[in-house]
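Notes follow once the structure below has been shown.
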Amino acid sequence: MKRLILIISLVTVGVCGYSQSAEEQEMAADTIVKIAAADTVLSYTQDELDKHILDFALSWLDTTECTGGVDTTSLPDSVYIARLRSLPYIIEMPYNTVVRSFIDMYVVRRPRQVARLRTLSGCYFPLFEEKLHQYGLPEELKYLPVIESGLNPAAYSPMGAAGLWQFMPRTAKNCGLEVNSLVDERLDPIKSTDAACRFLRSLYVIYGDWNLVIAAYNCGPGNVNKAIRRAGDKRDFWDIWPYLPRETRSYLPIFIAANYALNFADEHNICMAPLSQTLAADTIVTDRRLHLLQVSEITGIPMTELRRLNPQYRMDVLPGSKPYTLCLPIDMTGAFLQYEDTIYKHRADSLLYSRREVIDLAQKLDADGLPATGSYTYVVKKGDTLGAIAKKHKTTVANIKKWNHLKSDMISIGQKLKMYR
């Protein structure tokens, strides 16, 4: 049993390939904020902000007392510049009016969202940091899922991106994630984080600049390369900014703003939203086909809880074709191991093997209700004799004995006889 203990909130390769089509690269520019932006003008409405992923509502987080209260309109730009400069980062965090507008969005207009994100970051940042360090990547990249998914591991975008890191299906498959009718590993926090780190590392090999990597993560390398060409082969984000897709122009500024908001929330009187409950979880690796309902009915773990912990299994089924992880409440792993054999056998036929594997084709019947062509099977009934069967099926006793390798005329009820027309 392979075990990895996490504290999970109750929310519901080498180098990755770049085989995306131009159309899918355009689709990969998921809408972070609907912005009407000219080259030097940024404007947005409250309704458009309401569509932002930061509006992800978590009823189990109480943000009543986390309302901020600092009037940032009186803060000079120098305060923001100094605070961003003080961050121990590799990726530069420059300041301008666009960045300021997104900082205000977080700390002035959306303090409760920042409070929620502070709490959720305690659940997921340790995982992100571990993987980023494993691949030698800047730790500040852990803020990408903040703006991608609002730290919701089960988030789906209208364009088809999914999970904490909002992978598109083709990009996910290129990075080794399984995405099919039964399994969507984009929703697996551990596997998707590992894939995202490999993807970010491969982008850095291409561009050698983290700002361009962040832009390419949002809209795809194709769009970034196009913007570089249109900017006269300049390779600075702010030089190619006017030539990027509209959503990507705001992507790096909002990334900087998210870093600011979560690092300096205390300075804006934004506290962490208290959790109504947390769940310590443990993972078990199994290569046997399993339905979550089998686990629920034997262990008593509610299906809602199992689905929250295992959002990657779309139909509640672990296929069993290779090792898969099952995430359970940590205090229930012992019960699973104790009743493991019972769990796998429980309602297996109806839950896992109800699909037909072999189907006999229907045959055309003659006037007597018998197959008109080919071979078929006759089941001996009470009172049958070979002679009566031969007469009914318009053949001879000798034929029936030959077809079935019978040495006598003795037959028994339920015996299957192969017949030919």
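- Between the side chain of R186 and the backbone N or O of F167 there is at least one donor-acceptor pair closer than 3.5 Å.
- Checked by atom type and distance alone, the side chain of T119 pairs as donor or acceptor with a backbone atom of A273 at under 3.5 Å.
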Criterion side chain to side chain contact (heavy atoms under 4.5 Å, CB included) on V224 and C219, from CA distance to verdict: CA-CA 7 Å; V224 172; C219 67; 3.9 Å; yes
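- Side-chain contact annotation: N399 with T396, donor-acceptor N/O pair under 3.5 Å present.
- From T286, atom OG1 reaches atom CG of L290 across 6.5 Å, with rounding to the nearest 0.5 Å.
- Aromatic ring centres of Y260 and F255: separated by at least 6.0 Å.
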CA sep, side-chain torsions, deciding dist, call: L132, C197, side chain to side chain contact (heavy atoms under 4.5 Å, CB included): CA-CA 6 Å; L132 289 167; C197 289; 3.8 Å; yes
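- C175 contributes atom SG, which lies 6.0 Å from atom CZ of R198 (distance to the nearest 0.5 angstrom).
- The CG atom of L212 lies 5.0 Å from the CD1 atom of I240; values are rounded to the nearest 0.5 Å.
- The shortest side-chain heavy-atom distance between H268 and V108 does not fall under the 4.5 Å cut-off.
- With 3.5 Å as the limit, one finds a donor-acceptor pair spanning the side chains of E148 and Y251.
- Using a 4.5 Å heavy-atom threshold, the side chains of I214 and L203 count as separate.
- Checked by atom type and distance alone, the side chain of T385 pairs as donor or acceptor with a backbone atom of A388 at under 3.5 Å.
- L117 contributes atom CG, which lies 8.0 Å from atom CZ of F125 (distance to the nearest 0.5 angstrom).
- Applying the 6.0 Å contact sphere to NZ of K402 captures no more than 12 heavy atoms from other residues, nucleotides or ligands.
- Side-chain N or O atoms of Q415 include one that pairs as donor or acceptor with a backbone N or O of S412 at under 3.5 Å.
- Put simply, the side chain of R235 never gets that close to the backbone of D209: no donor and acceptor are under 3.5 Å apart.
- Within a 6.0 Å radius of NZ in K322, more than 12 heavy atoms belonging to other residues, nucleotides or ligands are found.
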Pair L141, I91 - check side chain to side chain contact (heavy atoms under 4.5 Å, CB included), show working. CA-CA 9 Å; L141 290 172; I91 301 175; 3.7 Å; yes
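- Contact annotation: the side chain of I343 approaches that of T299 to within less than 4.5 Å [non-hydrogen atoms, C-beta and beyond].
- Taking each heavy atom of N223 and L244 in turn, the nearest pair found is O-CD2, 4.4 Å.
- A cation-pi arrangement is absent between R230 and Y243, since the terminal nitrogen or guanidinium carbon is not both under 6.0 Å from the aromatic centre and inside a 45° cone about the axis.
- Summarising the geometry of L306 relative to C327, their closest heavy-atom pair is CD2-O, 4.3 Å, with the distance given to 0.1 Å.
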Could you walk me through whether L326 and L328 pass side chain to side chain contact (heavy atoms under 4.5 Å, CB included), step by step? CA-CA 6 Å; L326 174 67; L328 299 171; 3.9 Å; yes
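- Remark: side-chain polar atoms of H291 are paired, donor with acceptor, to backbone N or O of L293 under 3.5 angstrom.
- For the atom pair R308 CZ and M303 CE, the distance stands at 12.5 Å (nearest 0.5 Å).
- With rounding to the nearest 0.5 angstrom, the CG atom of N211 is 4.5 Å from the CG atom of L252.
- With contacts defined as side-chain heavy-atom distances shorter than 4.5 Å, the pair I284/T333 qualifies.
- Partners of K142 under the salt bridge (charged side-chain N to carboxylate O under 4.0 Å, His left out) rule, at least two apart in sequence or in another chain, are E129, E139.
- For K407, there are no salt bridge (charged side-chain N to carboxylate O under 4.0 Å, His left out) partners at least two apart in sequence or on another chain.
- Heavy-atom minimum distance, P94 versus V99: O-CG2, 3.7 Å.
- Using modelled atom types, no side-chain atom of E130 and backbone atom of L127 make a donor-acceptor pair closer than 3.5 Å.
- Not one N or O on the side chain of S296 forms a donor-acceptor pair closer than 3.5 Å with the backbone of L292.
- Salt bridge annotation for D316-R307: present, with a cationic side-chain nitrogen under 4.0 angstrom from a carboxylate oxygen.
- Here D341 does not pair with K345 in a salt bridge; the nearest charged N to carboxylate O distance is not below 4.0 Å.
- Residues passing the salt bridge (charged side-chain N to carboxylate O under 4.0 Å, His left out) test with R347 are E297, sequence neighbours excluded.
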Salt bridge (Lys or Arg N to Asp or Glu O under 4.0 Å) between D233 and R229, worked out: CA-CA 5 Å; D233 290 331; R229 289 194 298 270; over 6 Å; no
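- Applying the ring-ring contact (aromatic ring centres under 6.0 Å, His included) definition to pairs two or more places apart or across chains, those involving residues 400-421 are W403-Y420.
- No side-chain N or O of Y324 forms a donor-acceptor pair with one of N310 less than 3.5 Å apart.
- Considering only heavy atoms from C-beta on, F336 stays 4.5 Å or farther from M332 through its side chain.
- Considering every non-hydrogen atom in both H346 and L351, the closest pair reads O-CD1, 4.4 Å.
- Each of W210, Y135, Y217 was checked for a ring-ring contact (aromatic ring centres under 6.0 Å, His included) with Y204, and the lone residue meeting it is W210.
- Contact check for E185 versus V179: no side-chain heavy atoms found under the 4.5 Å cut-off.
- Counting heavy atoms from C-beta outward, Y106 and Q113 have side chains that stay 4.5 Å or more apart.
- Between S101 and R109, the shortest heavy-atom distance links the atoms O-NH2, 3.6 Å.
- Applying the salt bridge (charged side-chain N to carboxylate O under 4.0 Å, His left out) rule to R314 yields the partners D184; only residues at least two apart in sequence or on another chain are considered.
- P153 and L151 make their closest contact through CD-O, 3.5 Å (heavy atoms, listed as atom of the first residue, atom of the second, distance).
- Side-chain contact between Y89 and P138 is absent, with no heavy-atom pair separated by less than 4.5 Å.
- Taking a cutoff of 4.0 Å between a charged side-chain nitrogen and a carboxylate oxygen, K392 and D384 do not qualify as a salt bridge.
- Between W165 and F128, the two ring planes are perpendicular [angle over 60°; tilted spans 30° to 60°].
- For T325, the side-chain contact (heavy atoms from CB on, under 4.5 Å) partners two or more places apart in sequence, or in a different chain, are D188, V285, Q312, Y313.
- A salt bridge between E178 and K173 is absent, with no side-chain N of the basic residue lying under 4.0 Å from a carboxylate O of the acidic one.
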